[in-house]
Protein chains: 2
Amino acid sequence: MTSRQNRTRDRAERGIPEATVARLPVYLRALHALQDRGVATVSSEELAAAAGVNSAKLRKDLSHLGSYGTRGVGYEVEYLVYQISRELGLTQDWVVAIIGVGNLGRALAGYGGFASRGFRVAGLLDADESVIGQEISGMTVEHIDRLEEIIAERGVSIVVIATPAAAAQTVCDRVVAAGVTSVLNFAPVVLTVPEGVDVRKVDLSIELQILAFHEQRKAGGPDGYDPMAGGVSGNGRASGYVEAVEA
Amino acid sequence: MTSRQNRTRDRAERGIPEATVARLPVYLRALHALQDRGVATVSSEELAAAAGVNSAKLRKDLSHLGSYGTRGVGYEVEYLVYQISRELGLTQDWVVAIIGVGNLGRALAGYGGFASRGFRVAGLLDADESVIGQEISGMTVEHIDRLEEIIAERGVSIVVIATPAAAAQTVCDRVVAAGVTSVLNFAPVVLTVPEGVDVRKVDLSIELQILAFHEQRKAGGPDGYDPMAGGVSGNGRASGYVEAVEA
DNA sequence: AAGCCTTTGTGAATAGGCGCACAAAGTCAC
DNA sequence: GTGACTTTGTGCGCCTATTCACAAAGGCTT
(Lines give C-alpha, C1' and ligand atoms only; values in the text may rest on other atoms or scores of the structure.)
Protein backbone atom coordinates (compact mmCIF):
# COMPACT_ATOMS: atom_id res chain seq x y z
CA MET A 1 0.00 0.00 0.00
CA THR A 2 1.09 3.54 -0.67
CA SER A 3 2.34 5.34 2.36
CA ARG A 4 -0.09 7.57 4.10
CA GLN A 5 1.74 10.79 3.37
CA ASN A 6 1.46 10.21 -0.33
CA ARG A 7 -2.28 10.12 -0.24
CA THR A 8 -2.72 13.73 -1.20
CA ARG A 9 -0.58 13.38 -4.27
CA ASP A 10 -2.12 10.08 -5.18
CA ARG A 11 -5.61 11.29 -5.53
CA ALA A 12 -6.16 12.77 -8.90
CA GLU A 13 -2.47 12.62 -9.40
CA ARG A 14 -1.73 13.13 -13.02
CA GLY A 15 -3.93 10.53 -14.33
CA ILE A 16 -7.33 9.27 -13.67
CA PRO A 17 -7.43 6.33 -16.07
CA GLU A 18 -9.36 6.99 -19.27
CA ALA A 19 -11.64 4.07 -18.51
CA THR A 20 -12.53 5.65 -15.20
CA VAL A 21 -13.17 9.05 -16.73
CA ALA A 22 -15.55 7.43 -19.17
CA ARG A 23 -17.56 5.93 -16.32
CA LEU A 24 -17.74 8.97 -14.07
CA PRO A 25 -20.60 10.49 -16.07
CA VAL A 26 -22.53 7.26 -15.65
CA TYR A 27 -22.05 7.32 -11.91
CA LEU A 28 -23.02 10.95 -11.84
CA ARG A 29 -26.25 10.24 -13.61
CA ALA A 30 -27.08 7.43 -11.21
CA LEU A 31 -26.28 9.71 -8.28
CA HIS A 32 -28.57 12.41 -9.60
CA ALA A 33 -31.34 9.86 -9.82
CA LEU A 34 -30.71 8.87 -6.20
CA GLN A 35 -30.70 12.51 -5.19
CA ASP A 36 -34.07 13.00 -6.84
CA ARG A 37 -35.39 10.12 -4.80
CA GLY A 38 -34.11 11.79 -1.67
CA VAL A 39 -31.46 9.18 -0.92
CA ALA A 40 -28.68 10.62 1.22
CA THR A 41 -26.24 7.74 1.38
CA VAL A 42 -25.37 4.90 -0.95
CA SER A 43 -23.10 1.87 -0.79
CA SER A 44 -20.73 0.94 -3.56
CA GLU A 45 -22.82 -2.15 -4.14
CA GLU A 46 -26.02 -0.18 -4.71
CA LEU A 47 -24.44 2.50 -6.83
CA ALA A 48 -22.57 -0.07 -8.89
CA ALA A 49 -25.82 -1.90 -9.59
CA ALA A 50 -27.48 1.34 -10.68
CA ALA A 51 -24.58 2.14 -12.97
CA GLY A 52 -24.34 -1.37 -14.31
CA VAL A 53 -20.77 -2.07 -13.19
CA ASN A 54 -18.90 -4.25 -10.75
CA SER A 55 -18.74 -2.79 -7.25
CA ALA A 56 -15.00 -3.26 -6.92
CA LYS A 57 -14.54 -1.32 -10.12
CA LEU A 58 -16.73 1.44 -8.81
CA ARG A 59 -14.76 1.68 -5.60
CA LYS A 60 -11.49 1.72 -7.46
CA ASP A 61 -12.78 4.40 -9.77
CA LEU A 62 -13.87 6.58 -6.89
CA SER A 63 -10.62 5.98 -5.08
CA HIS A 64 -8.89 7.78 -7.91
CA LEU A 65 -10.70 10.93 -6.87
CA GLY A 66 -9.80 10.51 -3.24
CA SER A 67 -11.30 8.85 -0.23
CA TYR A 68 -14.85 10.00 -0.18
CA GLY A 69 -16.52 7.01 1.40
CA THR A 70 -17.07 5.99 4.98
CA ARG A 71 -16.34 2.37 5.81
CA GLY A 72 -19.32 0.55 7.18
CA VAL A 73 -21.65 3.20 5.75
CA GLY A 74 -21.03 4.06 2.13
CA TYR A 75 -20.85 7.33 0.21
CA GLU A 76 -22.75 10.52 0.87
CA VAL A 77 -24.67 11.14 -2.33
CA GLU A 78 -24.52 14.90 -2.34
CA TYR A 79 -20.84 15.07 -1.59
CA LEU A 80 -20.04 12.51 -4.25
CA VAL A 81 -22.10 14.39 -6.81
CA TYR A 82 -20.08 17.47 -6.04
CA GLN A 83 -16.73 15.73 -6.23
CA ILE A 84 -17.45 13.99 -9.51
CA SER A 85 -18.91 17.15 -11.02
CA ARG A 86 -15.85 19.07 -10.00
CA GLU A 87 -13.53 16.42 -11.38
CA LEU A 88 -15.35 16.38 -14.70
CA GLY A 89 -15.30 20.15 -14.87
CA LEU A 90 -19.05 20.52 -14.64
CA THR A 91 -18.92 23.15 -11.93
CA GLN A 92 -18.16 25.62 -14.67
CA ASP A 93 -20.09 26.41 -17.81
CA TRP A 94 -18.94 25.19 -21.18
CA VAL A 95 -19.85 27.11 -24.29
CA VAL A 96 -20.72 24.89 -27.23
CA ALA A 97 -21.26 25.61 -30.90
CA ILE A 98 -22.95 23.20 -33.29
CA ILE A 99 -21.80 23.19 -36.91
CA GLY A 100 -24.20 21.71 -39.41
CA VAL A 101 -27.92 21.98 -39.00
CA GLY A 102 -29.21 18.96 -40.85
CA ASN A 103 -31.47 16.41 -39.25
CA LEU A 104 -28.91 15.51 -36.68
CA GLY A 105 -27.81 19.06 -35.95
CA ARG A 106 -31.41 20.01 -35.29
CA ALA A 107 -31.87 17.09 -32.96
CA LEU A 108 -28.76 18.08 -31.07
CA ALA A 109 -29.84 21.69 -30.89
CA GLY A 110 -33.10 20.62 -29.33
CA TYR A 111 -31.45 18.22 -26.97
CA GLY A 112 -32.29 19.05 -23.38
CA GLY A 113 -29.27 17.34 -21.93
CA PHE A 114 -27.01 20.24 -22.80
CA ALA A 115 -28.18 22.91 -20.43
CA SER A 116 -28.84 20.50 -17.61
CA ARG A 117 -25.17 19.73 -17.10
CA GLY A 118 -23.36 22.94 -17.68
CA PHE A 119 -23.22 22.94 -21.45
CA ARG A 120 -24.60 26.01 -23.17
CA VAL A 121 -25.20 26.10 -26.90
CA ALA A 122 -24.10 29.52 -28.06
CA GLY A 123 -24.13 29.04 -31.78
CA LEU A 124 -25.77 27.13 -34.60
CA LEU A 125 -23.86 27.38 -37.86
CA ASP A 126 -24.35 26.09 -41.36
CA ALA A 127 -23.10 26.72 -44.87
CA ASP A 128 -26.43 26.31 -46.60
CA GLU A 129 -27.94 29.73 -47.36
CA SER A 130 -31.43 28.34 -47.21
CA VAL A 131 -31.23 27.53 -43.52
CA ILE A 132 -29.33 30.65 -42.42
CA GLY A 133 -31.63 32.83 -40.39
CA GLN A 134 -33.94 29.98 -39.52
CA GLU A 135 -35.00 29.75 -35.92
CA ILE A 136 -34.22 26.39 -34.31
CA SER A 137 -34.91 25.69 -30.67
CA GLY A 138 -34.85 29.39 -29.93
CA MET A 139 -31.62 30.06 -31.76
CA THR A 140 -30.98 31.62 -35.13
CA VAL A 141 -28.80 29.72 -37.56
CA GLU A 142 -25.76 31.73 -38.54
CA HIS A 143 -23.42 31.55 -41.50
CA ILE A 144 -20.31 29.41 -41.24
CA ASP A 145 -18.33 32.37 -42.54
CA ARG A 146 -18.63 33.92 -39.11
CA LEU A 147 -17.18 30.80 -37.46
CA GLU A 148 -13.94 32.32 -36.16
CA GLU A 149 -15.66 35.49 -35.03
CA ILE A 150 -18.33 33.58 -33.12
CA ILE A 151 -15.85 31.26 -31.45
CA ALA A 152 -13.74 34.16 -30.27
CA GLU A 153 -16.49 36.48 -29.18
CA ARG A 154 -18.62 33.98 -27.36
CA GLY A 155 -15.80 32.01 -25.85
CA VAL A 156 -16.75 28.72 -27.48
CA SER A 157 -14.60 25.92 -26.11
CA ILE A 158 -16.32 22.82 -27.44
CA VAL A 159 -17.49 22.38 -31.01
CA VAL A 160 -19.91 19.75 -32.22
CA ILE A 161 -19.45 18.82 -35.87
CA ALA A 162 -22.64 17.55 -37.48
CA THR A 163 -21.85 18.37 -41.08
CA PRO A 164 -21.75 16.02 -44.05
CA ALA A 165 -18.61 13.91 -44.16
CA ALA A 166 -17.07 15.90 -46.97
CA ALA A 167 -17.10 19.14 -45.01
CA ALA A 168 -16.01 17.83 -41.65
CA GLN A 169 -12.23 18.00 -41.99
CA THR A 170 -12.29 21.52 -43.38
CA VAL A 171 -14.60 22.72 -40.64
CA CYS A 172 -12.46 20.97 -38.09
CA ASP A 173 -9.30 22.64 -39.36
CA ARG A 174 -10.90 26.05 -39.09
CA VAL A 175 -12.25 25.34 -35.65
CA VAL A 176 -8.85 24.18 -34.43
CA ALA A 177 -7.14 27.16 -36.02
CA ALA A 178 -9.57 29.34 -34.08
CA GLY A 179 -8.24 27.85 -30.87
CA VAL A 180 -10.78 25.19 -29.98
CA THR A 181 -9.23 22.06 -28.53
CA SER A 182 -12.28 19.87 -27.92
CA VAL A 183 -14.36 18.50 -30.75
CA LEU A 184 -17.27 16.11 -30.78
CA ASN A 185 -17.54 14.64 -34.26
CA PHE A 186 -20.70 13.11 -35.70
CA ALA A 187 -19.47 13.03 -39.28
CA PRO A 188 -18.37 9.64 -40.55
CA VAL A 189 -14.74 10.51 -41.12
CA VAL A 190 -11.55 10.18 -39.16
CA LEU A 191 -10.55 13.72 -38.31
CA THR A 192 -6.89 14.62 -38.28
CA VAL A 193 -5.95 17.19 -35.69
CA PRO A 194 -2.73 18.49 -34.15
CA GLU A 195 -1.35 17.26 -30.86
CA GLY A 196 -3.27 18.62 -27.92
CA VAL A 197 -6.65 18.67 -29.59
CA ASP A 198 -9.14 16.16 -28.30
CA VAL A 199 -11.61 14.59 -30.69
CA ARG A 200 -14.37 12.20 -29.75
CA LYS A 201 -16.64 10.67 -32.28
CA VAL A 202 -20.11 9.24 -32.32
CA ASP A 203 -21.03 7.02 -35.20
CA LEU A 204 -24.38 5.32 -35.52
CA SER A 205 -23.34 3.33 -38.52
CA ILE A 206 -20.40 1.76 -36.76
CA GLU A 207 -22.52 0.82 -33.77
CA LEU A 208 -24.98 -0.91 -36.04
CA GLN A 209 -22.23 -2.81 -37.78
CA ILE A 210 -20.86 -4.03 -34.48
CA LEU A 211 -24.33 -5.20 -33.50
CA ALA A 212 -24.68 -6.94 -36.83
CA PHE A 213 -21.43 -8.76 -36.26
CA HIS A 214 -22.61 -10.17 -32.96
CA GLU A 215 -26.07 -10.87 -34.24
CA GLN A 216 -24.59 -12.86 -37.07
CA ARG A 217 -22.47 -14.83 -34.66
CA LYS A 218 -25.48 -15.70 -32.60
CA ALA A 219 -27.30 -16.78 -35.73
CA GLY A 220 -24.59 -19.05 -36.97
CA GLY A 221 -21.75 -17.13 -38.52
CA PRO A 222 -20.88 -16.27 -42.12
CA ASP A 223 -20.01 -19.76 -43.29
CA GLY A 224 -20.03 -22.70 -41.05
CA TYR A 225 -18.93 -20.93 -37.95
CA ASP A 226 -20.03 -22.53 -34.77
CA PRO A 227 -23.36 -21.08 -33.75
CA MET A 228 -23.54 -19.59 -30.30
CA ALA A 229 -19.82 -19.42 -29.97
CA GLY A 230 -18.10 -16.25 -28.98
CA GLY A 231 -21.41 -14.75 -28.00
CA VAL A 232 -21.83 -11.41 -26.39
CA SER A 233 -21.77 -10.84 -22.69
CA GLY A 234 -25.21 -9.38 -22.88
CA ASN A 235 -25.51 -7.76 -19.53
CA GLY A 236 -26.40 -4.40 -20.88
CA ARG A 237 -22.91 -3.11 -20.87
CA ALA A 238 -20.93 -2.46 -23.95
CA SER A 239 -17.54 -0.98 -23.89
CA GLY A 240 -15.96 0.24 -26.97
CA TYR A 241 -15.67 2.78 -29.39
CA VAL A 242 -18.06 4.86 -31.26
CA GLU A 243 -17.94 6.84 -34.41
CA ALA A 244 -20.33 8.98 -36.43
CA VAL A 245 -23.33 9.45 -38.60
CA GLU A 246 -23.33 9.32 -42.36
CA ALA A 247 -24.51 12.56 -43.84
CA MET B 1 4.29 -19.24 -34.55
CA THR B 2 1.19 -21.28 -35.14
CA SER B 3 1.72 -24.29 -37.32
CA ARG B 4 0.63 -24.01 -40.86
CA GLN B 5 -2.06 -26.62 -40.63
CA ASN B 6 -3.84 -24.70 -37.92
CA ARG B 7 -4.23 -21.69 -40.09
CA THR B 8 -7.73 -22.52 -41.14
CA ARG B 9 -8.93 -22.87 -37.60
CA ASP B 10 -7.07 -19.79 -36.51
CA ARG B 11 -8.75 -17.38 -38.77
CA ALA B 12 -11.99 -16.26 -37.27
CA GLU B 13 -11.58 -18.99 -34.75
CA ARG B 14 -13.91 -18.40 -31.91
CA GLY B 15 -13.09 -14.87 -31.32
CA ILE B 16 -12.08 -11.86 -33.19
CA PRO B 17 -11.17 -9.53 -30.31
CA GLU B 18 -13.83 -6.95 -29.46
CA ALA B 19 -11.36 -4.15 -30.06
CA THR B 20 -10.76 -5.45 -33.55
CA VAL B 21 -14.46 -5.79 -34.32
CA ALA B 22 -14.94 -2.18 -33.31
CA ARG B 23 -12.31 -1.08 -35.81
CA LEU B 24 -13.41 -3.17 -38.78
CA PRO B 25 -16.18 -0.72 -39.71
CA VAL B 26 -13.62 2.07 -39.75
CA TYR B 27 -11.38 0.14 -42.09
CA LEU B 28 -14.35 -0.70 -44.24
CA ARG B 29 -15.27 2.92 -44.59
CA ALA B 30 -11.72 3.85 -45.54
CA LEU B 31 -11.67 1.03 -48.08
CA HIS B 32 -14.91 2.22 -49.64
CA ALA B 33 -13.38 5.65 -50.01
CA LEU B 34 -10.37 4.12 -51.75
CA GLN B 35 -12.66 2.10 -53.97
CA ASP B 36 -14.47 5.28 -54.98
CA ARG B 37 -11.13 6.76 -55.96
CA GLY B 38 -10.44 3.74 -58.08
CA VAL B 39 -7.57 2.46 -55.97
CA ALA B 40 -7.06 -1.28 -56.46
CA THR B 41 -4.36 -2.05 -53.93
CA VAL B 42 -3.40 -0.56 -50.61
CA SER B 43 -0.59 -1.12 -48.13
CA SER B 44 -1.19 -1.50 -44.43
CA GLU B 45 0.64 1.77 -43.91
CA GLU B 46 -1.67 3.69 -46.20
CA LEU B 47 -4.85 2.11 -44.96
CA ALA B 48 -3.80 2.57 -41.36
CA ALA B 49 -3.20 6.25 -41.99
CA ALA B 50 -6.64 6.61 -43.55
CA ALA B 51 -8.24 4.85 -40.63
CA GLY B 52 -6.23 6.74 -38.07
CA VAL B 53 -4.53 3.76 -36.49
CA ASN B 54 -1.11 2.21 -36.14
CA SER B 55 -0.16 0.02 -39.11
CA ALA B 56 0.90 -2.92 -36.96
CA LYS B 57 -2.48 -2.85 -35.30
CA LEU B 58 -4.18 -2.82 -38.64
CA ARG B 59 -2.20 -5.82 -39.84
CA LYS B 60 -2.91 -7.73 -36.68
CA ASP B 61 -6.59 -6.89 -36.94
CA LEU B 62 -6.74 -8.12 -40.51
CA SER B 63 -4.76 -11.21 -39.65
CA HIS B 64 -7.65 -12.26 -37.44
CA LEU B 65 -9.76 -12.58 -40.55
CA GLY B 66 -7.15 -14.60 -42.38
CA SER B 67 -4.23 -13.87 -44.67
CA TYR B 68 -5.61 -11.54 -47.24
CA GLY B 69 -2.51 -9.53 -48.04
CA THR B 70 0.37 -10.08 -50.42
CA ARG B 71 3.83 -9.43 -49.04
CA GLY B 72 5.67 -6.80 -50.92
CA VAL B 73 2.42 -5.49 -52.40
CA GLY B 74 -0.34 -4.91 -49.90
CA TYR B 75 -4.03 -5.72 -49.85
CA GLU B 76 -6.42 -5.86 -52.74
CA VAL B 77 -9.07 -3.29 -51.89
CA GLU B 78 -12.06 -5.04 -53.39
CA TYR B 79 -11.25 -8.38 -51.84
CA LEU B 80 -10.69 -6.84 -48.44
CA VAL B 81 -13.98 -4.96 -48.66
CA TYR B 82 -15.72 -8.23 -49.32
CA GLN B 83 -13.99 -10.10 -46.52
CA ILE B 84 -14.65 -7.44 -43.91
CA SER B 85 -18.24 -7.03 -45.05
CA ARG B 86 -18.78 -10.72 -44.78
CA GLU B 87 -17.18 -10.87 -41.37
CA LEU B 88 -19.35 -8.06 -40.10
CA GLY B 89 -22.44 -9.68 -41.53
CA LEU B 90 -23.09 -6.92 -44.02
CA THR B 91 -23.59 -9.27 -46.92
CA GLN B 92 -27.06 -9.85 -45.62
CA ASP B 93 -29.81 -7.37 -44.86
CA TRP B 94 -30.70 -6.39 -41.34
CA VAL B 95 -34.17 -5.23 -40.50
CA VAL B 96 -34.24 -2.36 -38.05
CA ALA B 97 -37.05 -0.72 -36.09
CA ILE B 98 -36.77 2.66 -34.41
CA ILE B 99 -38.73 3.24 -31.23
CA GLY B 100 -39.36 6.83 -30.28
CA VAL B 101 -39.82 9.51 -32.87
CA GLY B 102 -38.69 12.63 -31.07
CA ASN B 103 -36.02 14.90 -32.46
CA LEU B 104 -33.45 12.18 -32.36
CA GLY B 105 -35.70 9.45 -33.70
CA ARG B 106 -36.54 11.65 -36.66
CA ALA B 107 -32.90 12.34 -37.34
CA LEU B 108 -32.16 8.63 -37.23
CA ALA B 109 -35.09 7.83 -39.50
CA GLY B 110 -33.75 10.28 -42.05
CA TYR B 111 -30.23 9.04 -41.73
CA GLY B 112 -28.89 7.87 -45.07
CA GLY B 113 -26.27 5.61 -43.60
CA PHE B 114 -28.79 2.90 -42.88
CA ALA B 115 -29.69 1.70 -46.32
CA SER B 116 -26.20 2.14 -47.66
CA ARG B 117 -24.78 -0.68 -45.57
CA GLY B 118 -27.43 -3.31 -45.42
CA PHE B 119 -29.64 -1.87 -42.72
CA ARG B 120 -33.28 -1.42 -43.61
CA VAL B 121 -35.63 0.55 -41.39
CA ALA B 122 -38.88 -1.37 -41.37
CA GLY B 123 -40.70 0.41 -38.59
CA LEU B 124 -41.06 3.73 -36.81
CA LEU B 125 -42.92 3.42 -33.52
CA ASP B 126 -44.01 5.83 -30.83
CA ALA B 127 -46.43 5.98 -27.92
CA ASP B 128 -47.57 9.53 -28.51
CA GLU B 129 -50.94 9.54 -30.28
CA SER B 130 -50.22 12.88 -31.85
CA VAL B 131 -47.38 11.55 -33.97
CA ILE B 132 -48.95 8.22 -34.92
CA GLY B 133 -49.79 8.25 -38.59
CA GLN B 134 -47.32 11.01 -39.35
CA GLU B 135 -45.16 10.50 -42.37
CA ILE B 136 -41.42 10.68 -41.65
CA SER B 137 -38.81 10.04 -44.31
CA GLY B 138 -41.32 8.07 -46.31
CA MET B 139 -42.50 5.95 -43.40
CA THR B 140 -45.65 6.13 -41.36
CA VAL B 141 -45.28 6.22 -37.60
CA GLU B 142 -47.05 3.31 -35.96
CA HIS B 143 -48.33 2.74 -32.46
CA ILE B 144 -46.06 1.08 -29.94
CA ASP B 145 -48.92 -1.27 -29.09
CA ARG B 146 -48.15 -3.11 -32.28
CA LEU B 147 -44.51 -3.60 -31.30
CA GLU B 148 -44.53 -7.39 -30.93
CA GLU B 149 -46.61 -7.87 -34.03
CA ILE B 150 -44.33 -5.67 -36.13
CA ILE B 151 -41.16 -7.33 -34.88
CA ALA B 152 -42.48 -10.78 -35.67
CA GLU B 153 -44.09 -10.04 -39.02
CA ARG B 154 -41.29 -7.98 -40.48
CA GLY B 155 -38.44 -9.98 -39.05
CA VAL B 156 -36.90 -7.11 -37.13
CA SER B 157 -33.58 -8.16 -35.67
CA ILE B 158 -32.13 -4.89 -34.45
CA VAL B 159 -34.04 -2.29 -32.47
CA VAL B 160 -32.98 1.30 -31.95
CA ILE B 161 -34.34 2.85 -28.76
CA ALA B 162 -34.71 6.62 -28.99
CA THR B 163 -37.38 7.09 -26.35
CA PRO B 164 -37.26 9.28 -23.26
CA ALA B 165 -35.23 7.75 -20.46
CA ALA B 166 -38.26 6.81 -18.43
CA ALA B 167 -39.69 4.60 -21.15
CA ALA B 168 -36.50 2.92 -22.31
CA GLN B 169 -36.33 -0.03 -19.93
CA THR B 170 -39.97 -0.95 -20.46
CA VAL B 171 -39.61 -0.77 -24.21
CA CYS B 172 -36.42 -2.76 -24.00
CA ASP B 173 -38.08 -5.50 -21.97
CA ARG B 174 -40.85 -5.84 -24.51
CA VAL B 175 -38.43 -5.86 -27.40
CA VAL B 176 -36.35 -8.56 -25.78
CA ALA B 177 -39.42 -10.59 -24.92
CA ALA B 178 -40.33 -10.40 -28.58
CA GLY B 179 -37.08 -12.14 -29.41
CA VAL B 180 -34.78 -9.31 -30.41
CA THR B 181 -31.21 -9.77 -29.22
CA SER B 182 -29.54 -6.62 -30.52
CA VAL B 183 -30.39 -3.19 -29.21
CA LEU B 184 -28.88 0.21 -29.87
CA ASN B 185 -29.81 2.50 -27.02
CA PHE B 186 -29.86 6.29 -27.22
CA ALA B 187 -31.75 6.82 -23.99
CA PRO B 188 -29.65 7.97 -21.04
CA VAL B 189 -30.20 4.92 -18.88
CA VAL B 190 -28.36 1.71 -18.22
CA LEU B 191 -30.53 -1.01 -19.71
CA THR B 192 -30.74 -4.33 -17.95
CA VAL B 193 -31.12 -7.29 -20.26
CA PRO B 194 -30.82 -11.06 -20.00
CA GLU B 195 -27.74 -12.99 -20.97
CA GLY B 196 -27.33 -13.27 -24.70
CA VAL B 197 -28.79 -9.90 -25.55
CA ASP B 198 -26.38 -7.33 -26.88
CA VAL B 199 -26.87 -3.70 -26.00
CA ARG B 200 -24.78 -0.82 -27.26
CA LYS B 201 -25.37 2.71 -26.19
CA VAL B 202 -24.70 6.12 -27.59
CA ASP B 203 -24.78 9.04 -25.23
CA LEU B 204 -24.07 12.57 -26.29
CA SER B 205 -24.10 13.90 -22.79
CA ILE B 206 -21.40 11.51 -21.64
CA GLU B 207 -19.20 12.37 -24.58
CA LEU B 208 -19.46 16.04 -23.74
CA GLN B 209 -18.59 15.39 -20.13
CA ILE B 210 -15.51 13.45 -21.12
CA LEU B 211 -14.46 16.31 -23.36
CA ALA B 212 -15.06 18.75 -20.53
CA PHE B 213 -12.82 16.71 -18.28
CA HIS B 214 -9.92 16.88 -20.70
CA GLU B 215 -10.58 20.50 -21.55
CA GLN B 216 -10.43 21.37 -17.89
CA ARG B 217 -7.18 19.50 -17.53
CA LYS B 218 -5.66 21.44 -20.38
CA ALA B 219 -6.85 24.66 -18.82
CA GLY B 220 -5.36 23.96 -15.45
CA GLY B 221 -7.43 21.49 -13.51
CA PRO B 222 -10.03 21.88 -10.76
CA ASP B 223 -7.76 23.18 -8.02
CA GLY B 224 -4.12 23.70 -8.49
CA TYR B 225 -3.52 20.78 -10.75
CA ASP B 226 -0.57 21.12 -12.97
CA PRO B 227 -1.65 22.78 -16.18
CA MET B 228 -0.84 20.89 -19.33
CA ALA B 229 -0.17 17.69 -17.51
CA GLY B 230 -1.81 14.47 -18.50
CA GLY B 231 -3.07 16.05 -21.66
CA VAL B 232 -4.91 14.20 -24.32
CA SER B 233 -3.21 12.35 -27.11
CA GLY B 234 -4.99 14.53 -29.57
CA ASN B 235 -4.35 12.65 -32.73
CA GLY B 236 -7.95 12.43 -33.67
CA ARG B 237 -8.49 9.10 -32.07
CA ALA B 238 -10.50 8.56 -28.99
CA SER B 239 -11.23 5.19 -27.64
CA GLY B 240 -13.74 4.71 -25.00
CA TYR B 241 -17.18 4.27 -24.18
CA VAL B 242 -20.28 5.99 -25.13
CA GLU B 243 -23.74 6.27 -23.75
CA ALA B 244 -26.96 8.07 -24.69
CA VAL B 245 -29.03 11.16 -25.17
CA GLU B 246 -31.12 12.79 -22.52
CA ALA B 247 -34.76 12.91 -23.48
C1' DA C 1 17.52 -17.08 -62.35
C1' DA C 2 19.41 -14.52 -58.81
C1' DG C 3 19.33 -10.95 -55.78
C1' DC C 4 17.20 -6.66 -54.12
C1' DC C 5 13.46 -4.37 -52.26
C1' DT C 6 9.01 -3.92 -50.26
C1' DT C 7 5.49 -5.29 -47.20
C1' DT C 8 3.15 -8.71 -44.60
C1' DG C 9 2.29 -11.56 -40.50
C1' DT C 10 3.47 -12.33 -35.89
C1' DG C 11 6.49 -13.36 -31.65
C1' DA C 12 7.61 -10.96 -27.63
C1' DA C 13 7.57 -7.12 -24.55
C1' DT C 14 4.71 -3.56 -22.44
C1' DA C 15 0.77 -1.32 -20.77
C1' DG C 16 -3.66 -1.04 -19.00
C1' DG C 17 -7.88 -2.56 -17.23
C1' DC C 18 -10.72 -5.92 -14.46
C1' DG C 19 -12.34 -8.36 -10.55
C1' DC C 20 -11.42 -11.30 -6.49
C1' DA C 21 -10.76 -11.36 -1.99
C1' DC C 22 -9.35 -9.45 2.26
C1' DA C 23 -7.41 -6.43 5.84
C1' DA C 24 -8.36 -2.03 7.72
C1' DA C 25 -11.59 1.23 9.28
C1' DG C 26 -15.49 2.78 10.92
C1' DT C 27 -20.55 2.34 12.81
C1' DC C 28 -23.97 0.77 15.80
C1' DA C 29 -26.18 -1.82 19.45
C1' DC C 30 -26.11 -2.91 23.96
C1' DG D 1 -16.74 0.78 26.34
C1' DT D 2 -16.71 -3.34 23.88
C1' DG D 3 -17.66 -6.42 20.36
C1' DA D 4 -20.09 -7.69 16.20
C1' DC D 5 -21.08 -6.24 11.76
C1' DT D 6 -20.76 -3.59 7.55
C1' DT D 7 -18.41 -1.56 3.87
C1' DT D 8 -14.46 0.73 2.02
C1' DG D 9 -9.90 0.82 -0.25
C1' DT D 10 -6.53 -1.87 -2.59
C1' DG D 11 -2.85 -5.65 -3.42
C1' DC D 12 -2.53 -9.13 -6.63
C1' DG D 13 -3.03 -12.16 -10.47
C1' DC D 14 -5.29 -12.57 -14.89
C1' DC D 15 -6.41 -11.18 -19.29
C1' DT D 16 -6.82 -8.15 -23.24
C1' DA D 17 -4.93 -4.77 -26.14
C1' DT D 18 -1.08 -2.17 -28.11
C1' DT D 19 3.30 -1.55 -30.16
C1' DC D 20 7.84 -2.77 -31.65
C1' DA D 21 10.76 -5.08 -34.48
C1' DC D 22 12.02 -8.65 -37.54
C1' DA D 23 12.01 -12.95 -40.20
C1' DA D 24 9.53 -14.83 -43.96
C1' DA D 25 7.37 -14.13 -48.33
C1' DG D 26 6.53 -12.38 -52.58
C1' DG D 27 7.33 -9.34 -56.67
C1' DC D 28 10.36 -6.95 -59.81
C1' DT D 29 14.49 -5.78 -62.20
C1' DT D 30 18.35 -6.96 -64.58
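Values below: every heavy atom of this structure, side chains too, minus hydrogens, waters and symmetry copies. Order of the sequence lines sets the chain letters (A, B, ...), proteins ahead of strands, with each chain counted from 1.
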Starting at [atom1] of [X] and ending at [atom2] of [N], how long is that distance when rounded to a whole Å?
X: B:E76; N: C:dT7; atom1: CD; atom2: C1'; answer: 16 Å
X: B:E18; N: D:dT16; atom1: CD; atom2: P; answer: 12 Å
X: A:L58; N: C:dG17; atom1: CG; atom2: C1'; answer: 15 Å
X: B:K57; N: D:dT16; atom1: NZ; atom2: P; answer: 17 Å
X: B:H64; N: D:dA17; atom1: NE2; atom2: P; answer: 9 Å

**OP:** Measure the spacing between OG1 of B:T163 and CZ of B:F186 and express it to the nearest 0.5 Å.
**Re:**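 B:T163 atom OG1 to B:F186 atom CZ measures 11.5 Å (nearest 0.5 Å).
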Name each donor-acceptor pair under 3.5 Å that joins a side chain in residues 174-182 of chain A to protein atoms two or more places apart or in another chain, with its distance.
from	atom 1	to	atom 2	distance (Å)
A:R174	NE	A:E148	OE2	2.8
A:R174	NH2	A:I144	O	3.1
A:R174	NH2	A:E148	OE1	2.9
A:R174	NH2	A:E148	OE2	3.4
A:T181	OG1	B:E215	OE1	2.9
A:T181	OG1	B:E215	OE2	3.2
A:T181	OG1	B:K218	NZ	3.3
A:S182	OG	B:E215	OE1	2.3

**OP:** For B:Y82, check ring-ring contact (aromatic ring centres under 6.0 Å, His included) against everything at least two apart and list the hits.
**Re:**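 None.
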**OP:** State, yes or no, whether a side-chain contact exists between B:W94 and A:L211 at a heavy-atom distance under 4.5 Å.
**Re:**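 Of all side-chain heavy-atom pairs linking A:L211 with B:W94, none is under 4.5 Å.
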Subject >> Any side-chain heavy-atom pair of B:I210 and A:E18 under 4.5 Å >> reply: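 In contact.
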**OP:** Under 4.0 Å between any heavy atoms, over every strand shown, what does A:A56 touch: base, sugar-phosphate, or nothing? Just pick one.
**Re:**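 Here A:A56 touches the bases of the nucleic acid.
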Distances for protein N or O near nucleotides 5-8 of chain D N or O, under 3.5 Å:
from	atom 1	to	atom 2	distance (Å)
D:dT7	O4'	A:G72	N	3.0
D:dT8	OP1	A:S44	N	2.6
D:dT8	OP2	A:S44	OG	2.5
D:dT8	O2	A:R71	NH1	3.0

**OP:** Please determine if a side-chain N or O atom of B:N54 lies less than 4.0 Å away from the OP1 or OP2 oxygen of D:dA17.
**Re:**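 No, because none of the side-chain N or O atoms of B:N54 sits under 4.0 Å from OP1 or OP2 of D:dA17.
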Subject >> Below 4.0 Å: OP1/OP2 of C:dT10 and any side-chain N or O of B:K60 >> reply: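 Checking B:K60 against C:dT10: no side-chain N or O falls below 4.0 Å of OP1 or OP2.
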Original post:
For B:E78, does the CD atom have more than 12 heavy-atom neighbours from other residues, nucleotides or ligands under 6.0 Å away?
Top reply: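 12 or below, so no.
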Original post:
How do B:L62 and A:T20 order along DNA chain C: which one's closest nucleotide is nearer the 5' end?
Top reply: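 Result: B:L62.
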